[in-house]
Amino acid sequence: MGRRIRSVTSSAKRLRGPASTAWKTHVIGRRINSIWRRGKWIVFDLTSSEHLVFHLGMTGRLTVVRKETPVESHTHWRFALANGRQELRFRDVRRFGSVTYLKSPQALDRFFEERRLGPEPFSVPLAYWHQRLLSTKRCLKAVLLDQTVVAGVGNIYADESLFIARISPTRTGRQLTLEEAERLRRAIVEVLRRAITRRGATIRDYVGGSGREGEYQREFRVYGQTGAPCPRCGRRIECIRLAGRSTHFCRRCQPTRPQRKGQRLIGTEHEGSQQDQCRIEHSNAC
DNA sequence: ATAGGCGCCTGCTGGC
DNA sequence: TGCCAGCAGGCGCCTA
């Protein structure tokens, strides 16, 4: 933050997002005033009220390095900084990430409105949360991954949050009791706060801005732990395919119905209704 | 309007 | 040892 952009270089390969890179010359000389985040989108506020919005996709890295640092393969964008010594680099092996130039605050607002992002996970209003859960027959795994419900939860944190909340990922939103819904909301906050403290999770590619790997993967309870003993009860962690994604959970600690009888459901479904269970796809995944 | 499936990419791993 | 199918942190488009 505070640096000016001296030059911009892009690779020939295109990423997600708008194909045009005509804005490249336009941001030269602009100062990076602030950097913030909305869901999984990283926003750079430039002078003249312009914005650059980055998404890391699956394998994106956004780092600041000394300019003489050898350029790694799959580096798609390089922003030389005006101190003359450093570069901001965007590397993305799979190219599911994106860089988007937005020319005004209004354009930025529109960008996020089009994506209909839900609230930030740290400030989800309780009434809203209940409403979104009770109104859906989708399984919780699909709901947590839906960025219009809550912005910023991905596959790792969905699995970890459901484990902490002791709720099966196959349950549907409207099957939850009020108490379970609140437990899940708190679990998401707990997991994300802890993961941020540990600077994210590195499975293969991810590094933070300084190039340092995250450490939250050392605290995974279920994600990627297929066959390992559950840290709570010792039963083997299972992996199923849900909402098209690998889903890790403990069948004993995350039961498919409320643990205590007689609790009020958010929705109108009968407790544990079979047809309200999510379909589990057959797959060799995990 | 909603929900599910698939395509986009490249690299790596495990099974044969 | 080499080949190849299948899988991986996500999103957006299409269809039913």
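The structure displayed is predicted, hence computed values, not measured ones. Every chain is numbered from 1 and lettered A, B, ... according to where its sequence line falls, protein lines coming before strand lines.
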Colleague: So if I take every side-chain heavy atom of R115(A) and compare against dG9(C), dG12(C), dT10(B), which nucleotide ends up nearest?
Modeller: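 Out of dG9(C), dG12(C), dT10(B), the nucleotide with an atom closest to R115(A)'s side chain is dG12(C).
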Colleague: Using a heavy-atom cut-off of under 4.0 Å over every strand shown, decide if Y157(A) touches base, sugar-phosphate, or nothing.
Modeller: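 Since no nucleic acid heavy atom lies under 4.0 Å of Y157(A), the category is nothing.
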Colleague: Quick one: which of dA3(B), dC9(B), dG9(C) gets closest to the side chain of T136(A)?
Modeller: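 So the side chain of T136(A) is nearest to dA3(B).
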Colleague: dT2(B) phosphate, OP1 or OP2: any side-chain N/O from K137(A) under 4.0 angstrom?
Modeller: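 No.
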Colleague: Using a distance-only criterion (donor-acceptor N/O pair, under 3.5 Å, no hydrogens), is the base of dC9(B) paired with the side chain of R94(A)?
Modeller: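 Such a pair exists between side chain and base.
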Colleague: Name the pairing partner of dG15(B), where a pair is Watson-Crick or G-U wobble with both distances under 3.5 Å, or state none.
Modeller: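 Here dG15(B) is engaged in a pair, and the nucleotide opposite it is dC3(C).
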Colleague: Taking 4.0 angstrom as the limit, do E182(A) and R185(A) come out as a salt bridge?
Modeller: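 Result for this pair is yes, salt bridge flagged.
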Colleague: Tell me the interatomic distance from L242(A), atom CG, to dG4(B), atom C1', rounded to whole angstroms.
Modeller: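 Those two atoms, CG and C1', are 12 Å apart.
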Colleague: Just the rounded figure in Å: distance from P of dC7(C) to CZ of R241(A).
Modeller: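 My rounded result for the distance is 6 Å.
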Colleague: Whole Å only: how far is the CG atom of L62(A) from the C1' atom of dG10(C)?
Modeller: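 Roughly 17 Å, once rounded to whole Å.
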Colleague: Could you tell me whether E72(A) and R89(A) have a side-chain N and a carboxylate O separated by less than 4.0 Å?
Modeller: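 No salt bridge links E72(A) with R89(A).
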Colleague: Round to the nearest Å and state the distance from H248(A) atom NE2 to dG9(C) atom P.
Modeller: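 The distance from NE2 of H248(A) to P of dG9(C) comes to 7 Å, rounded to the nearest Å.
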Colleague: What's the CD-P distance between Q131(A) and dT2(B), to the nearest Å?
Modeller: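 The answer, rounded to whole Å, is 11 Å.
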Colleague: What is the ring orientation for F79(A) with W23(A), classed by angle as parallel under 30°, tilted 30 to 60°, or perpendicular over 60°?
Modeller: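 Parallel: the ring planes of F79(A) and W23(A) meet at under 30°.
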Colleague: Can you identify which nucleotide, out of dT10(B), dG10(C), dC11(C), has its nearest atom closest to the R95(A) side chain?
Modeller: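 It is dT10(B).
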Colleague: Is the distance from the ring center of W41(A) to that of F111(A) below 6.0 Å?
Modeller: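 Yes, they do, as the ring centres are separated by less than 6.0 Å.
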Colleague: Rounded off to whole Å, could you give me the CG-to-C1' distance for the L117(A) and dG10(C) pair?
Modeller: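 About 13 Å, once rounded to whole Å.
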Colleague: Distance check, P atoms only: dG12(C) and dG11(B), in whole angstrom units.
Modeller: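 Result for the P pair: 24 Å, nearest Å.
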Colleague: Report the distance from atom CG of D205(A) to atom P of dC9(B), rounded to the nearest whole Å.
Modeller: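 Taking atom P of dC9(B) as the reference, CG of D205(A) is at 17 Å.
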Colleague: Are dC9(B) and F96(A) stacked, with the base six-membered ring and the side-chain ring centres under 5.5 Å apart and planes under 30°?
Modeller: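 No, aromatic ring not over the base.
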Colleague: Kindly say if R204(A) contacts the phosphate of dT10(B), meaning a side-chain N or O under 4.0 Å from OP1 or OP2.
Modeller: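 For R204(A), the contact criterion (side-chain N or O under 4.0 Å from OP1 or OP2 of dT10(B)) is not met.
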Colleague: What nucleotide among dT2(B), dG9(C), dC11(C) has an atom nearest to a side-chain atom of R245(A)?
Modeller: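 Within the option list, the nearest is dG9(C).
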Colleague: Any ion pair linking R183(A) and E179(A) (charged N to carboxylate O, less than 4.0 Å)?
Modeller: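 Salt bridge: yes.
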Colleague: How far does the C1' atom of dG6(C) sit from the matching atom of dC6(B), given to the nearest Å?
Modeller: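 So the two C1' atoms sit 15 Å from each other.
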Colleague: Does a side-chain N or O of K13(A) approach OP1 or OP2 of dT10(B) to a distance below 4.0 Å, or not?
Modeller: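 Answer yes for this pair, as a side-chain N or O of K13(A) is under 4.0 Å from OP1 or OP2.
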Colleague: Among dT10(B), dG7(B), dG9(C), which nucleotide has an atom closest to any side-chain atom of R16(A)?
Modeller: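 Nearest listed nucleotide: dG7(B).
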Colleague: Are H248(A) and Y223(A) an aromatic pair by the rule of ring centers under 6.0 Å?
Modeller: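 Yes; Y223(A) has its ring centre under 6.0 Å from that of H248(A).
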Colleague: Is any side-chain N of the basic residue among E120(A) and R38(A) closer than 4.0 Å to the acidic one's carboxylate O?
Modeller: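 Yes, charged N to carboxylate O under 4.0 Å.
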Colleague: With a 4.0 Å cut-off on heavy atoms, is D92(A) in touch with a base, just the backbone sugar-phosphate, or nothing at all?
Modeller: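 Counting heavy atoms under 4.0 Å across all strands, no contact is made by D92(A).
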Colleague: By nearest heavy atom, map R14(A) and A142(A) onto DNA chain B; which one lands nearer the 5' end?
Modeller: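 With R14(A) and A142(A) compared, the 5'-side residue is A142(A).
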Colleague: Using the closest heavy atom to pick a nucleotide of DNA chain C for each, name whichever of T202(A) or W41(A) lands nearer the 5' end.
Modeller: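 By nearest-heavy-atom nucleotide position, the 5'-most residue is T202(A).
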Colleague: So, is H55(A) near the phosphate of dG10(C), with a side-chain N or O under 4.0 Å from OP1 or OP2?
Modeller: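 The answer is no; no side-chain N or O of H55(A) sits under 4.0 Å from OP1 or OP2.
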Colleague: In terms of the nearest nucleotide of DNA chain B, which residue is placed more toward the 5' end: H74(A) or S135(A)?
Modeller: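 It is S135(A) whose nearest nucleotide is closer to the 5' end.
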Colleague: May I have the distance from L15(A) (atom CG) to dG7(B) (atom C1'), rounded to whole angstrom?
Modeller: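 So the CG-C1' distance, L15(A) to dG7(B), works out to 16 Å.
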